[in-house]
Amino acid sequence: MIAGELVRERLLTDEPTVLHRFDAWARTQPDRPFFFYGEDERRFTYREFDLLTNRVANSLAALGIGRGDRVAVLSTNGLVCALGMFAAWKTGALYCPINYRFVGDLLAYVIDDLAPPVLIADRHLVPALNDCRGRLTTGIPRVIVHAPARDEADFDPRYEQALPHRDFRSTLFSELTAAGETRPTAAIETDDLCSVVYTSGTTGNPKGVIHPHGWLRAFGTALATMTHRDDVLYCDLPLYHIGGAYANLVRAAWAGASIAVWNRFSPADFWRRIRLSGASITLLLDVMNDWLMQQPERAGDRENPIIRAHVQPLPANHNTLARRFGLDFIAVGYGSTELGLGATGLIDELGDAPGTPKHLWKGYDKQEIRAIVRAMAGEHAILDGSKPVPDGFMGRTPGVYEPVVTDRDGKPAPAGTPGRLTMRPVQPGILFRGYLNKPDATAASLRDGCFHSSDIVAADDNGALYFMDREQGFIRVRGENVAATQVETLLNGHPGVSHCAVVAVPAGEGSEDDIGAFIVPERTASLSAREISEWARTALPKFMRPRHVRIVEALPVTQTMKVEKYRLREQLVTELESGRLNRRA
């Protein structure tokens, strides 16, 4: 079979949307486990999850939610997010998750940008809504408050009173589950919109990426091709990003498999959760790997059911990680909020040697897994994990997009030459629709029926892709893409700051970044690094707060007055390295 043909064939035959797909599973395997919420150890079969989301959907419809409306979700609770997601789709509405770490101006901006008629929010996050209420310009949506069952009896009506808007009303989320179980009548097709998911903006505020159901269909189909119905996916990623929401939850729904969800990652509890849920597939981001390796070694480290772990980025000690915990395969790839799945690759870590114990194995065997990846992405998408893996290896495209690496003139770059990555969909209806309320950014990214990314990659003679760099100024912090300009804008909001520059430096742990900020005070201000750090605790989300703050008289600039950030970065890296060496001495 020609590489990519397997997925292209499925795109011709699979159901038109994830709802159609889920309906088919609910009819044919109603009693198969679908969703396990580990925080409360609540389990739902396909039929139970279907009926529960019908209830929530009917309640949303009774509130006036219908086709094209945006249902915003601000929640740390994986079950609430999942119910909100499927219920929104069943009414014809869009799932619009908001990063629960956003506060202040950033939270107000996203709510204004979405202008949702309904916002589902955790009770403990309502104060963040109250804090930004005076900054909203499009009005305050109806807030559906999710409170733990033990707290609903003493629900404080002051939460409602604290949002002074004459049309404001609040509802408890539990009330949404009391409606009838009959499926709403909204008919959804591939061209209908399914979500707005925010990605970092490089020159300002985050951009809301608008997805049609056809985009989600392509994403789900490609990932489900690698997933057996007996697989259990483990997810402790937030469901405001496509990694948790779509690469895990929708993948499970498309494949007819099961998913186990926890609200957050815990290195100390990780393997207990894996064994409890029987998870065979997981996704690990950066520092997670280091934290797992830092746990005390135990004789039973390999006594777990994980067969495949998608690890991003691939650490240098990936084979050591795999051998310690018995991970037969480590998956790599390339994706984004705009693309979904752009490339996939497989590191065959253990060959035919045993990894996952036989009595815990589920789903495809090793030979079947290799054969599926070859059929999806070709022979050169699989590498031997016992040998050095080239830096930036992302595998090959699995049949959803056709990649082109272009030079500065927009012409195809020779093999091995870095250039900008452009992706052309293999079928109509797969591309995202653009950025919400940002026509210029949409026009820049979507041209000639292709997505023009800002990522610099190289392709070898075999079509394998290698990540080189980002063309624009992202800082990667604990799994989040952070725009330096966005942090600078927020820091400039301090009354004592004249201007500032933000740079990325290697993180103290993991292979991602920490944020360094160089602050130039107003002439009349007396600022300290501690004061800026304390202020950032209230004004910035945790992942955007600079770890290193330096107060300076001026920033180095070029003759054209551009800040020489490379000099600031070198200065800070040298200082930090010197400090580490002194501590070791």
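Note that the structure is predicted; figures quoted are calculated from it, not measured. All residue numbers in this chain count up from 1 along the given sequence.
Using modelled atom types, one finds a donor on one side chain and an acceptor on the other under 3.5 Å when comparing Arg10 with Thr225. With hydrogens and angles left out, the side-chain atoms of His211 and Ser195 include a donor and acceptor closer than 3.5 Å. Judged by distance alone, the side chains of Asn248 and Tyr234 never bring a donor and an acceptor atom under 3.5 Å apart. Arg420 and Ser454 share no side-chain donor-acceptor pair at under 3.5 Å.
Note: Phe219 and Trp215 have perpendicular aromatic rings, judged against thresholds of 30 and 60 degrees for the angle between ring planes. Using cut-offs of 30° and 60° for the angle between ring planes, the Phe34 and Tyr46 rings count as tilted.
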Below 3.5 Å, can you tabulate the donor-acceptor pairs from side chains in residues 424-433 to any protein atom, sequence neighbours excluded?
unit_1	atom_1	unit_2	atom_2	d
Arg424	NH1	Asp448	O	3.3
Arg433	NH2	Asp191	O	2.8

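Side-chain N or O atoms of Lys90 include one that pairs as donor or acceptor with a backbone N or O of Asp50 at under 3.5 Å.
In this structure, the side chains of Leu421 and His452 stay at 4.5 Å or more apart for every pair of heavy atoms. Side-chain contact between Ser445 and Tyr435 is present, with heavy atoms from C-beta onward closer than 4.5 Å. Put simply, the side chain of Ile210 reaches to within 4.5 Å of the side chain of Leu193, judged on heavy atoms. Under the 4.5 Å side-chain criterion, counting only non-hydrogen atoms from C-beta, Thr538 is not in contact with Val103. Looking at Tyr246 and Leu341, their side chains never come closer than 4.5 Å, going by heavy atoms from C-beta outward. Side-chain contact check for Asp192 versus Arg67: some heavy-atom pair is nearer than 4.5 Å.
Note that OG of Ser277 and CD1 of Ile259 are 10.0 Å apart. Values are rounded to the nearest 0.5 Å.
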Quiz prompt | Tyr37/Asn263 under side chain to side chain donor-acceptor pair (under 3.5 Å): CA gap, chis, key distance, verdict | solution = CA-CA 9 Å; Tyr37 184 51; Asn263 293 348; 2.9 Å; yes
Practice problem: Could you walk me through whether Thr17 and Arg217 pass the side chain to side chain donor-acceptor pair (under 3.5 Å) test, one step at a time? | Solution: CA-CA 6 Å; Thr17 74; Arg217 177 176 183 264; over 6 Å; no
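A cation-pi arrangement is present between Arg43 and Phe36 under the rule of less than 6.0 angstrom and at most 45 degrees off the ring axis.
With sequence neighbours excluded, no residue satisfies salt bridge (charged side-chain N to carboxylate O under 4.0 Å, His left out) with Glu48. Partners of Trp254 under the ring pair (Phe, Tyr, Trp, His ring centres under 6.0 Å) rule, at least two apart in sequence or in another chain, do not exist in this structure.
Smallest separation of non-hydrogen atoms from Pro33 and Ser258: O-OG, 2.6 Å.
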